[in-house]
Amino acid sequence: MHPALAADLDRFDQLLDAARARAVAALGALAERPVAAPAPRAPGPYEPLPERGAGGAAALARFGERWEPGLSGSAGPRYLGFVTGGATPAALAGDWLVGAYDQNVVAAGDSAATDLERETVGWLRELFGLGPEHAGAFVSGATMSNAAGLAVAREWLGEQLGVSVADAGVGALGEVAVLSGAAHSSVPKALSVLGLGRGALRELPLLPGREAVDVDSLAAALAELGGRPAIVVANSGTVNTVDFDDLRAVAALRERFPFWLHVDAAFGAFAALSPEHAHLVAGLDSADSVCVDLHKWLNVPYDAAVQFTRRRDLQVRVFRNAAAYMAQPGDDPDFVHLTPENSRRLRALPAWLTLAAYGREGHREVVERNAALARRFGERVEDAGALRLLAPVRLNVVCFTTAQEPTAERVAAVAERAAAGGEVVVTPTVYGGTHGLRAAFSNWRTETGDVDRAVAALVAAARGV
């Protein structure tokens, strides 16, 4: 054994204690850590690969000197960019154990890890109000969850036309129509990866002043296909205004037209936890496939998402791994036959631990508190004078802009000034042709004081540009 490896093995507990101390210090200061790193780039030229190495303790110290200062406070309470969660205490503990046990959750037989994932998927299915016919598996994020769901949809299209795309290739389908109102950017990316092409996505009219699809326009577009099967991507929680398609109305169109219904509910699915907002996801169970991101509102560490589908048989047809050393799929197929990955970490453990630790009630409290904080943020924006709302606050994202001259440059300058002060990070967008900003609330740490600090920093930045 290499001397440095042998020495670290002898002092393994000390090395892990040092890492623990560094993590505890970072987490203890997270609430006041600059939300955006003051020096987010490499401190000087990239260093060459060490020839001998310095051992774990020295490498950890070097990380602290060279790289740790450039890490952002994105796990903290005032990082409101994108839709970014944090990591609950139980979820973080679970993530550490994922590395320690280092399970490859590919196949059953020598580990209970696969059953742990199945139990976790069952809990999540229950959490989101999906029925037992929805089978699921963990993937890396919403992009991969959407890609997996659309891959199964692609196979369903082939089934309708009497071919297997998994065997014959996407060329056997001919022209494909993918219909959606306000599809997330991961959808055309997935269509590109799947060989269907970004051009297959047909954007449909939205309801006036909304990001929800006009169901009558969807019906008309399906009718124009003349009975040819299609894919419909519905949205449960758009990124700008957290708008929701009417899933029951969309699903009802299947009585007249043949289509696969995929629902992108990356964070909107969590509305199911709140009695006040659960109506927004009514009809989610009718979907053929569903995308839910977990490192958003479940507050587990990156990376983790789950995908569900009613047609696990088609999912197996797409992702089946034919190898002599792998058991072939049966009634309860191994995960190697269900996702693009042959090797995969035990992503389910942090989710299992946070669900076991805090239950439905604890996670409902986070959802409802975040929604209340978003409303408070919106009220403060309306009262500020220097800012104005671009859309109503429906759930957990606030879409707003400057009260005067909302040019791309001016809006970007507001975000940059606020981030430079270390108080808040928000992300830019364009809504209704107007340049604006988004503040997304999904972190379990965020409280009222964080909202007030964030709005104050943004107002000051808007008055200074």
Side-chain angles (χ1 to χ4, degrees), residues 94 97-98 101-142 144-159 164-167 194 260-263 265 269 284-294 298 300 303-356 360:
L97 291 176
V98 170
Y101 287 109
D102 199 23
Q103 303 290 289
N104 185 7
V105 193
V106 173
D110 61 0
S111 171
T114 55
D115 286 321
L116 186 151
E117 178 166 336
R118 289 188 177 98
E119 180 168 276
T120 310
V121 168
W123 287 0
L124 293 167
R125 183 171 55 224
E126 181 181 346
L127 198 71
F128 303 131
L130 300 175
E133 61 276 9
H134 277 279
F138 272 70
V139 290
S140 60
M144 189 53 68
S145 182
N146 277 329
L150 292 171
V152 183
R154 184 186 63 180
E155 192 66 14
W156 176 85
L157 287 177
E159 183 181 66
S164 171
V165 179
D167 294 330
L194 295 170
W260 178 278
L261 177 56
H262 174 76
V263 177
L284 184 63
D285 183 53
S286 64
D288 296 300
S289 54
V290 179
C291 156
V292 184
D293 209 336
L294 302 179
L298 192 65
V300 298
D303 53 24
V306 66
Q307 57 79 216
F308 295 100
T309 183
R310 291 173 172 270
R311 293 294 306 272
R312 191 169 60 174
D313 59 322
L314 297 183
Q315 186 170 352
V316 169
R317 195 185 299 173
V318 173
F319 296 114
R320 179 173 61 89
N321 193 79
Y325 53 84
M326 287 288 179
Q328 290 310 292
D331 293 338
D332 196 7
D334 288 330
F335 290 112
V336 71
H337 303 300
L338 297 175
T339 75
E341 299 165 303
N342 277 8
S343 300
R344 52 205 298 278
R345 70 198 303 264
L346 184 51
R347 293 188 182 101
L349 181 53
W352 186 94
L353 270 170
T354 197
L355 289 169
R360 180 191 297 271

What are the two closest non-hydrogen atoms of [X] and [Y], and how far apart are they?
X	Y	result
P333	V316	CG-CG2, 3.7 Å
Q328	A323	NE2-O, 3.7 Å
A142	A305	N-CB, 3.9 Å
W156	R311	CD1-NH1, 4.0 Å
L284	A265	CD1-CB, 4.4 Å
A113	Q103	CB-CB, 4.1 Å

Any sub-3.5 Å donor-acceptor pair from [X]'s side-chain atoms to [Y]'s backbone N or O?
X	Y	answer
E341	T339	no
S145	V306	yes
D303	G141	no
D334	A108	yes
T120	L116	yes
D288	L261	yes
S289	F308	no

Do the side chains of [Y] and [X] get nearer than 4.5 Å, heavy atoms only?
X	Y	answer
L355	L127	yes
N146	H262	yes
V292	L124	no

Tell me, please, whether F335 has R344 positioned over its six-membered ring: NZ or CZ under 6.0 Å from the ring centre and within 45 degrees of its axis?
->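 Here R344 passes the 6.0 Å and 45° test against F335.
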OG1/T114 to CZ/R118 distance, rounded to the nearest 0.5 angstrom?
->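 Going from OG1 on T114 over to CZ on R118, the span is 5.0 Å.
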Roughly how far apart are T309 OG1 and L130 CG, rounded to 0.5 Å?
->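 These two atoms lie 11.0 Å from each other.
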Side chain to side chain contact (heavy atoms under 4.5 Å, CB included) partner of W260, chosen from L150, V152, L157 =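 Looking at L150, V152, L157, the match for W260 under the side chain to side chain contact (heavy atoms under 4.5 Å, CB included) is V152.
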Full working for side chain to side chain contact (heavy atoms under 4.5 Å, CB included) between R312 and D332 | CA-CA 10 Å; R312 191 169 60 174; D332 196 7; 3.5 Å; yes
So which of E155, R320, Q307, H337 actually passes side chain to side chain donor-acceptor pair (under 3.5 Å) with Q315?
->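 Passing option: Q307.
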Any pair with a residue in residues 122-141 that passes side-chain hydrogen bond (donor to acceptor under 3.5 Å, both in side chains), sequence neighbours left out, goes on the list, sorted by first then second residue, please.
->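 For residues 122-141, and leaving out neighbouring residues, the side-chain hydrogen bond (donor to acceptor under 3.5 Å, both in side chains) pairs sorted by first residue read E133-R310.
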List in chain and number order the residues that pass side-chain contact (heavy atoms from CB on, under 4.5 Å) with A151, two or more places apart in sequence or in another chain; answer none if no residue qualifies.
->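 Only L194, V318, F319 meet the side-chain contact (heavy atoms from CB on, under 4.5 Å) criterion with A151.
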Give the intermediate values and the outcome of side chain to side chain contact (heavy atoms under 4.5 Å, CB included) for residues V98 and R347.
-> CA-CA 7 Å; V98 170; R347 293 188 182 101; over 6 Å; no
